[in-house]
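A short write-up of the structure that comes next.
Per chain, numbering begins at 1; letters A, B, ... match sequence-line order.
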Amino acid sequence: MTVVGSRQLRNGMSCFVGIGIPSTVANLARNTHAPDLFLIYEAGVLGSKPYRLPLSIGDGELATTADSVVSVPEVFNYWLQGGRIDVGYLSAAQIDRYANLNTTVIGPDYHQPRVRLPGAGGAPEIAAHCREVTIIMRHTRRAFVSEVDFVTSVGLGPAANLRSELGFKGAGPVEVITDLGVLRPDPVCGELALVAVHPGVEVEEVLEQTQWPLQVSPSLSITDPPTDEELAVLRDLISRS
Amino acid sequence: MTVVGSRQLRNGMSCFVGIGIPSTVANLARNTHAPDLFLIYEAGVLGSKPYRLPLSIGDGELATTADSVVSVPEVFNYWLQGGRIDVGYLSAAQIDRYANLNTTVIGPDYHQPRVRLPGAGGAPEIAAHCREVTIIMRHTRRAFVSEVDFVTSVGLGPAANLRSELGFKGAGPVEVITDLGVLRPDPVCGELALVAVHPGVEVEEVLEQTQWPLQVSPSLSITDPPTDEELAVLRDLISRS
Amino acid sequence: MAEHLELSQAVSRYVQDGDTVALEGFTHLIPFAAGHEIIRQGKRNLTVSRLTPDLIYDQLIGAGCVRKILFSWGGNPGVGSLYRFRDAVENGWPSPIKLEEHSHAGLTNRYVAGASGLPFTVMKGYLGTSLGQIAPHVRFLDCPFTGEPMAAVRALNPDVGILHAQRADRLGNVQVWGISGVFREVVMASRRVIITVEEVVEELERHPGDFVIPAMAVTAVCPAPFGARPSYVQDYYNRDNDWYRRWPGLSKDRDAFLSWVEGSVMGGSG
Amino acid sequence: MAEHLELSQAVSRYVQDGDTVALEGFTHLIPFAAGHEIIRQGKRNLTVSRLTPDLIYDQLIGAGCVRKILFSWGGNPGVGSLYRFRDAVENGWPSPIKLEEHSHAGLTNRYVAGASGLPFTVMKGYLGTSLGQIAPHVRFLDCPFTGEPMAAVRALNPDVGILHAQRADRLGNVQVWGISGVFREVVMASRRVIITVEEVVEELERHPGDFVIPAMAVTAVCPAPFGARPSYVQDYYNRDNDWYRRWPGLSKDRDAFLSWVEGSVMGGSG
């Protein structure tokens with residue numbers, strides 16, 4: 001999942017990074033095929049080049065290796081809302097068929113939640129303003145739901161013209177990478193479809209782990225397995241963090 | 001005029017300063033009775049302590065002697081609009097009986113001006129947001145007009161509740177200091193009245209230099225002449241600039 | 001003009017029960033010493049605001065100081081949940097708390113509007129989200145030029161802003177560098193401002209990438225060496241990641257938390 | 001990512017006739033070298049934006065490059081009038097120019113909105129003034145929370161932002177310190193960004209109170225030593241106040257101005 005995610009990043013792109021898998025993905029790319037990837041962390045850190053993987057979004061390591069450190073209003077208003085970011089990475093506790101994401105509460109009543117999650121953070125703005133959004137999360141039946149309990153971050157529907165109605169400039173989610181495979185939205189209606197599975201994963205398994213009747217692309221492919229170099233860099237990154 | 005202006009400033013006040021007479025006034029005060037006067041220049045210079053009088057609002061001297069230098073959005077939005085300034089100094093080409101000021105154009109038609117003046121700069125926000133505004137200008141019949149040709153900065157009327165209607169938090173002009181004397185607004189209707197003349201100035205002369213029928217306070221006083229210390233400091237300031 | 005005070009004096013004098021208080025610091029410069037002083041002084045019914053509640057608000061909530069929390073991301077970064085926060089939300093222990101929930105950008109812009117002396121400001125956000133439906137200080141309007149839908153967020157002006165910084169001088173000018181988050185905005189938006197500092201120096205020596213908050217904008221400066229631990233202060237000490245990892249063990253259980261407060265906060269002085 | 005270009009290449013490639021161009025720098029760091037290059041290349045029908053037109057726009061106007069000017073204070077600071085500006089406004093020489101006039105705060109917030117990717121932003125200003133009646137990109141609205149009257153100013157996104165700074169590195173990261181005016185806002189609001197610098201260095205050594213604009217946000221970096229003269233560059237050279245005082249003598253008369261342009265701009269290379 002991490003390796004496949006890192007392959008989407010092209011050298012010279014600007015990438016808005018959260019802590020956890022997104023940070024690992026971006027730093028893996030920066031240490032393999034995309035050395036000039038421009039990493040932006042929501043703490044206001046621009047152009048960070050961490051040697052270790054940070055535990056927190058505002059680690060000292062991120063700031064001291066950065067080109068520039070700006071205030072939080074500046075990173076959210078000028079950089080993110082200003083449309084400067086090529087790709088943003090998101091994860092979530094729930095995702096629906098239109099890639100709407102929930103990181104707020106599980107359960108039908110916001111005021112009496114079954115599970116209280118951390119909340120929105122920078123996710124709604126990443127979803128709205130980045131040119132493209134890549135979602136990375138584990139593929140489980142609890143997470144891949146027909147309708148999210150709470151829309152923390154806006155995806156691609158149900159209305160097909162949702163994003164342009166809301167005036168969002170970013171294209172929204174273009175890819176969902178999971179531990180089972182890769183989903184991409186239908187270019188017209190925005191519904192996610194399975195376009196690739198990882199080596200050894202059965203389509204049946206993916207369908208079982210998805211609460212809605214998941215469409216499968218007629219040109220379904222199998223992702224390339226991680227190369228030795230990718231695995232070595234990833235192990236090295238993790239070992240020094 | 002400069003000396004009388006400087007006397008209004010109390011130690012520890014924050015003072016928004018323009019170039020020219022306001023800057024001279026404020027630095028005279030800082031060098032006499034108000035050493036901790038906090039000077040803010042619109043270039044974003046906070047707590048400046050210039051040794052020379054600056055020629056321009058953004059002189060290097062202002063920045064290098066300052067506590068802090070901030071961006072122009074920060075000085076206008078956070079410091080001025082944010083209501084942090086005790087007193088602002090303004091001057092103008094025209095003033096009317098409610099202390100509305102014109103620094104934009106002379107003549108009835110904005111698009112075909114008789115004289116094109118420099119324009120607004122920071123004046124409208126100084127007039128709106130400072131807790132108090134002091135106006136310093138030469139007292140001539142061309143300048144003290146019944147109605148300004150263009151309202152660049154808002155004063156105290158004609159409507160008595162003008163400022164609260166507009167939602168301005170600052171009290172607006174509290175004093176007009178000229179080379180002939182001092183005017184203060186009527187606390188109810190906001191119209192300026194002559195409250196003091198400088199030594200040797202006749203009331204008749206002030207009335208002649210004012211286009212509207214100027215009210216004269218029944219308790220009209222004569223301003224104290226400049227002390228030797230005030231004159232010495234002023235000459236010293238000017239000589240090193 | 002800033003007064004130099006002991007932290008206990010500053011909290012006693014300037015933080016009142018029922019106040020709206022913002023203890024900010026984006027991962028960097030989190031004012032833990034000030035938070036602990038609030039717990040020691042038993043302040044109650046506070047409305048507390050912070051983008052990332054972090055351990056500092058988990059502690060204030062568990063200690064019963066908080067009636068309402070404004071926030072945008074409530075987790076233990078890189079570790080998991082804030083158990084005292086969740087226990088208050090899910091079970092009302094030690095007392096129920098009200099939530100006002102935002103995105104980072106939304107709460108940030110509430111501070112920006114407050115700092116700017118505006119009743120509100122505008123942003124592209126909240127549109128299409130459930131957040132936009134539950135957040136009480138968000139309204140929607142159309143751009144008067146283009147007709148585009150926009151969100152308006154109401155200004156937030158805390159009664160007290162509490163921040164931690166590297167240094168102050170004798171006059172109370174405060175110097176900060178590294179990740180600054182919403183430092184300036186909280187200073188300018190708050191009615192009273194308490195800043196704890198690693199050290200008070202005779203004169204500030206400027207530092208690359210720093211900024212200075214003039215004493216004019218500060219109410220009280222309090223010396224508090226290591227006052228941001230277990231978070232960090234750039235060029236003074238590192239983030240204590242192990243402590244963040246240990247926090248679930250100290251806080252998941254109510255009794256364990258209470259004995260941690262008793263032993264580590266109530267007895268201490270910082 | 002920023003390209004390193006000669007100034008003449010950058011102006012030729014990125015400034016087109018009819019563009020909206022912001023050459024900013026609040027007294028400090030005024031990009032005179034770039035302005036002169038625009039005159040030399042005979043660019044026409046520009047809409048130019050600047051809080052303080054200063055001598056740089058007086059020169060561009062007199063040289064016939066300008067069709068419309070956005071500004072908020074049009075004088076020669078501490079000296080008097082801008083005669084080429086006034087001659088264009090009052091007599092239409094060398095060609096009539098349109099004015100869009102603001103307060104400093106108003107034009108600043110137009111840049112802020114542009115930098116923020118918003119169609120507009122709000123401020124308390126223009127209310128009750130004649131400016132509010134003549135400025136085309138100002139509207140009034142009521143606060144959706146309090147009902148207070150507010151001004152909305154429309155975003156300004158220049159085609160080209162042109163700025164001067166102390167230094168850049170080989171990668172095109174740009175370092176600035178001292179009075180910065182609307183530097184960041186113009187960088188972030190503009191579609192293309194040209195930055196002239198005093199020097200290009202291998203690696204930026206950080207400087208107290210500085211900030212760095214990442215190369216990511218810059219289109220072209222051009223070496224231009226003394227490129228801000230007669231304005232100043234902090235820690236490089238001082239403002240040439242005498243030159244500002246001499247400008248009326250060089251510019252009040254049309255022929256004197258034309259011979260100054262011919263002798264000092266057209267012949268030069270910076």
Is B:Gln112 close to chain D through its backbone or its side chain, or both, or neither, when contacts mean heavy atoms under 4.5 Å?
neither
So which atom in D:Ser103 and which in B:Ala120 form the shortest heavy-atom distance, rounded to 0.1 Å?
CA-CB, 4.0 Å
For the candidates D:Ser180, D:Gly209, D:Gly128, D:Ser231, which exhibits the highest count of non-hydrogen atom pairs separated by less than 4.5 Å from chain B?
D:Gly128
Indicate the atoms forming the closest heavy-atom contact of D:Leu127 with B:Phe168, along with that distance.
O-CZ, 3.6 Å
Side chain, backbone, both or neither: which part of B:Val148 has a heavy atom under 4.5 Å from chain D?
neither
Between the NE2 atom in B:His111 and the CG atom in D:Leu99, the distance rounded to the nearest 0.5 Å is 9.0 Å
Begin from the C-alpha positions of B:Tyr110 and D:Gln133 and carry the test side chain to side chain contact (heavy atoms under 4.5 Å, CB included) through to its verdict.
CA-CA 11 Å; B:Tyr110 170 78; D:Gln133 285 150 28; over 6 Å; no
Quick one: CZ on B:Phe76 to OG1 on D:Thr108, what's the gap to the nearest 0.5 Å?
6.5 Å
What's the spacing between B:Thr104 OG1 and D:Trp73 CH2 if we round to 0.5 Å?
12.5 Å
So does B:Phe150 get a backbone contact from the side chain of D:Ser130, meaning a donor-acceptor N/O pair under 3.5 Å?
no
Hey, which of B:Ser23, B:Ser71, B:Ala66 has the most heavy atom pairs under 4.5 Å with chain D?
B:Ser71
Under 4.5 Å from any heavy atom of chain B, what part of D:Asn109 do you find: side chain, backbone, both or neither?
side chain
Identify which part of B:Pro124 has an atom lying under 4.5 Å from any heavy atom of chain D, answering side chain, backbone, both or neither.
side chain
Side chain, backbone, both or neither of D:Asn238 within contact of chain B (heavy atoms, under 4.5 Å):
neither
OH of D:Tyr126 to CD of B:Glu125: how many Å apart, nearest 0.5 Å?
7.0 Å
Is a donor on one side and an acceptor on the other found under 3.5 Å between the side chain of D:His28 and the backbone of B:Ala63?
no
What residue in D:Ile179, D:Thr146, D:Val112 has the most heavy-atom pairs under 4.5 Å with chain B?
D:Ile179
Answer with side chain, backbone, both or neither: which region of D:Phe71 has an atom nearer than 4.5 Å to a non-hydrogen atom of chain B?
side chain
Which bit of B:Asn77 comes within less than 4.5 Å of chain D, counting heavy atoms only: side chain, backbone, both or neither?
side chain
Thinking salt bridges, do D:Glu101 and B:Arg116 make one under a 4.0 Å N-O criterion?
yes
Residue among D:Glu148, D:Met150, D:Lys124 with most heavy-atom pairs under 4.5 Å to chain B
D:Lys124
Counting heavy-atom pairs under 4.5 Å with chain D, which one of B:Gly167, B:Ser153, B:Gly121 comes out on top?
B:Gly121
Heavy-atom pairs under 4.5 Å with chain D are the metric here; pick the option from B:Gly119, B:Pro73, B:Gly44, B:Ala127 that has the most.
B:Pro73
For atom CD of D:Glu90, is the number of surrounding heavy atoms from other residues, nucleotides or ligands below 6.0 Å larger than 12?
yes
Heavy-atom closest pair (D:Thr129 atom, B:Thr152 atom, distance to 0.1 Å) is CG2-O, 3.5 Å
Can you confirm whether more than 12 heavy atoms, excluding those of D:Phe140, are under 6.0 Å from its CZ atom?
yes
For chain B, the option from D:Ser72, D:Gly78, D:Gly75 that forms the most heavy-atom pairs under 4.5 Å
D:Ser72
Residue D:Lys252 excluded, over 12 heavy atoms near NZ under 6.0 Å:
no
Using non-hydrogen atoms and a 4.5 Å limit, figure out which bit of B:Ala128 sits close to chain D: side chain, backbone, both or neither.
neither
Ranked by heavy-atom pairs below 4.5 Å to chain D, first place among B:Arg163, B:Gln81, B:Glu61 goes to B:Gln81
Under a 4.5 Å cut-off applied to non-hydrogen side-chain atoms, are B:Val72 and D:His104 in contact?
no
